[in-house]
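One structure is given here, and the rest of the page talks about it.
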Amino acid sequence: MKSIFRTISLRRQPNRRIFSDTPEETYKFVRDRGLDHAVEREKNLRPLLSIKDLVTSEPSKSLPISVITAQRDSLRVPLRPIEFIRSFPSVFHESLPGGIGVQPHISLTPETLNLDAEEQLVYASEDYKQGLADRLLKLLMINRINKIPLEILDLLKWDLGLPKGYVETMVPEFPDYFRVVKSRLRGCSGELELVCWSKEHAVSMLEKKAKGYTKGSPIAFPMKFSNGFVVDKKMKRWFDDWQKLPYISPYENALHLSATSDESDKWAAAVLHEILNLFVAKKVEKDLVLHLGEFMGLRSRFKRVLHNHPGVFYFSSKLRTHTVVLRDGYKRGVLVEGNQLVTSRNRYMKLMSKAKKESNAVSSRKREDKGKVEGEGEVCEDEAKGEDDDVSGSEVEDERDEDVVDDEEEEDDEVDQDQSLKRGRRNTSPRGGRRSFGSLGSEEKPHTRSRAGRRSFGKTGSQEKPRSGRNKVKLTTEKSS
């Protein structure tokens, strides 16, 4: 069966398919908003719990900020520690103890202390310890040498849900499962070794869900693609043929199969699928799972599987890293099968979001207060404008009185003008009379006053028109003509 994700190279090695170099050669990556949100919502949870554990490890339950700053890299704090802590006032409390200086001390709020007490009860419960021991046992059985260095387990501590000091507290409680032995590896403090193989636990999650499964028969992997992902006919045919291959249990050693064969590809997919099912949140950083695969001798096969099967495994590039998410472990961005530890972590995230809601409420109140102050300022301006209008109204009334006096003077001037016009028409033509009338300087003053009257009346809104001297002169001339 020819894989659509590989090309046949007859020049290098006949009858051998090689993996395509880049993902762009095979399919276009499409994001899944629900799975991206499931990864991104835990953005600050891990560093926050790391600081919380560091504070609770102190007898006084308080810690100077300098200690947190010195361990910033190991705590994986994305910001300056003091800025990160001040971002969550509902989780951390900042104080300045007297006599110590200006360096602030960090403690936990009562709500955080209550959640920490509940978390410790989860780690101490028999159900959780038994489930954790079963998952560690399965992980050891998947590895062909049945050993895992403690350094690798420490890297996967968050994903496996291991408590603090699990080597001294939990491991001795299950002597029939595993034990800690010295390691021959350089730089390794020890290894967790399988004590006894358990046939009862050597059953994968897919085998449990498959109905009527018998060894050697095919099991179809649950596949779900992101919205917008295009599956053409050639790709669908290849997926269908791949699903019909016999299912090889991840607890079987199939390293004898050719690394480029489709049977080996399906077995490596089964191994990676089972490992992700052993993690608390059914997801893990890509570098960590490849580091584990390198120790197991499956790094290259894991990389090929992650590339060839976007319907089984999803890559999320959130949080400045690549996270591998098991698709069938989530439904609409929510974990299908939770546990006590996941519930405890969700409570921490709820407390973290409470601080954001309070800050948003404070900012909205500030905006409202600012709007009220601006509104009061506008009201004051309107009142001042009203006073100005009153003053201008009184000025208009004064102008009206002045206009009345001016109009009376205009009437007297018009009588004199009529007499002069009658005398002028006896000796000159009407045209000359008009010229002489236009040259009169006494007309300019009433004209300007009448315009001022119009402006003043326009301000008050009165419909009355001012009496104009020019109109009266015209009427007189028409009668005389």
Side-chain angles (χ1 to χ4, degrees), residues 40-125 128-129 132 150-151 153-171 189 280-281 285 288 319-321 340-360 362:
E40 193 174 15
R41 66 192 297 262
E42 296 184 1
K43 177 179 179 180
N44 297 315
L45 178 61
R46 187 170 181 177
L48 183 139
L49 294 183
S50 299
I51 297 176
K52 185 264 302 179
D53 293 338
L54 184 62
V55 173
T56 54
S57 63
E58 295 292 324
S60 61
K61 307 299 181 184
S62 179
L63 201 65
I65 189 63
S66 59
V67 177
I68 301 175
T69 304
Q71 303 183 31
R72 174 182 174 179
D73 294 337
S74 60
L75 296 175
R76 304 179 66 171
V77 181
L79 307 174
R80 289 180 55 206
I82 189 63
E83 293 179 359
F84 181 82
I85 289 171
R86 288 173 179 173
S87 301
F88 302 100
S90 60
V91 180
F92 300 106
H93 176 69
E94 181 182 353
S95 61
L96 295 172
I100 297 179
V102 296
Q103 189 178 35
H105 275 54
I106 307 302
S107 58
L108 303 178
T109 60
E111 294 178 346
T112 309
L113 291 174
N114 293 335
L115 292 180
D116 179 70
E118 295 177 1
E119 182 184 1
Q120 301 310 316
L121 290 177
V122 170
Y123 285 125
S125 64
Y128 182 79
K129 288 192 292 185
L132 177 59
L150 296 179
E151 282 71 18
L153 291 179
D154 290 338
L155 293 176
L156 299 171
K157 184 177 179 180
W158 172 266
D159 304 293
L160 288 170
L162 296 173
K164 294 183 296 183
Y166 66 95
V167 176
E168 295 81 11
T169 58
M170 193 205 70
V171 173
S189 60
V280 172
E285 292 184 10
L288 295 182
L319 308 184
R320 298 180 181 179
T321 185
Q340 296 173 332
L341 186 59
V342 172
T343 303
S344 177
R345 291 178 179 178
N346 289 335
R347 291 173 181 170
Y348 280 109
M349 286 188 286
K350 186 177 181 180
L351 182 61
M352 293 165 62
S353 63
K354 178 182 178 182
K356 294 182 179 180
K357 292 179 180 179
E358 291 178 354
S359 63
N360 293 336
V362 171

Kindly indicate whether the side chain of Lys157, heavy atoms from C-beta on, has any atom under 4.5 Å from the side chain of Lys164. yes

Can you tell me if [X] uses its side chain to pair, donor with acceptor, with the backbone of [Y] under 3.5 Å?
X: Ser344; Y: Gln340; answer: no
X: Arg72; Y: Leu79; answer: yes
X: Ser62; Y: Ser107; answer: no
X: Lys61; Y: Thr56; answer: yes

Just say parallel, tilted or perpendicular for the rings of Phe84 and Phe92, cut-offs at 30° and 60°.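 Correct class here is tilted.
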
Would you please say whether a donor-acceptor pair under 3.5 Å links the side chains of Ser189 and Glu151? yes

Within the 3.5 Å criterion, strictly below it, is a donor on Thr109 or Thr112 matched to an acceptor on the partner's side chain?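 Judged by distance alone, the side chains do pair up.
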
Kindly give the heavy-atom pair with the smallest separation between Leu153 and Tyr166, and that separation in Å.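 It is CB-OH, 3.5 Å.
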
Least distance between heavy atoms, Leu132 atom then Pro163 atom: CD2-CD, 3.7 Å

Arg347 vs Glu119, test: salt bridge (Lys or Arg N to Asp or Glu O under 4.0 Å). Steps then yes/no. CA-CA 10 Å; Arg347 291 173 181 170; Glu119 182 184 1; over 6 Å; no

Are more than 12 heavy atoms from other residues, nucleotides or ligands located less than 6.0 Å from atom CZ of Arg80?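 Counting neighbours around CZ of Arg80, 12 or fewer heavy atoms of other residues, nucleotides or ligands fall under 6.0 Å, so no.
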
How about NZ on Lys43, more than 12 heavy atoms from neighbouring residues, nucleotides or ligands closer than 6.0 Å, or not?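 At most 12 heavy atoms, drawn from other residues, nucleotides or ligands, come within 6.0 Å of this atom.
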
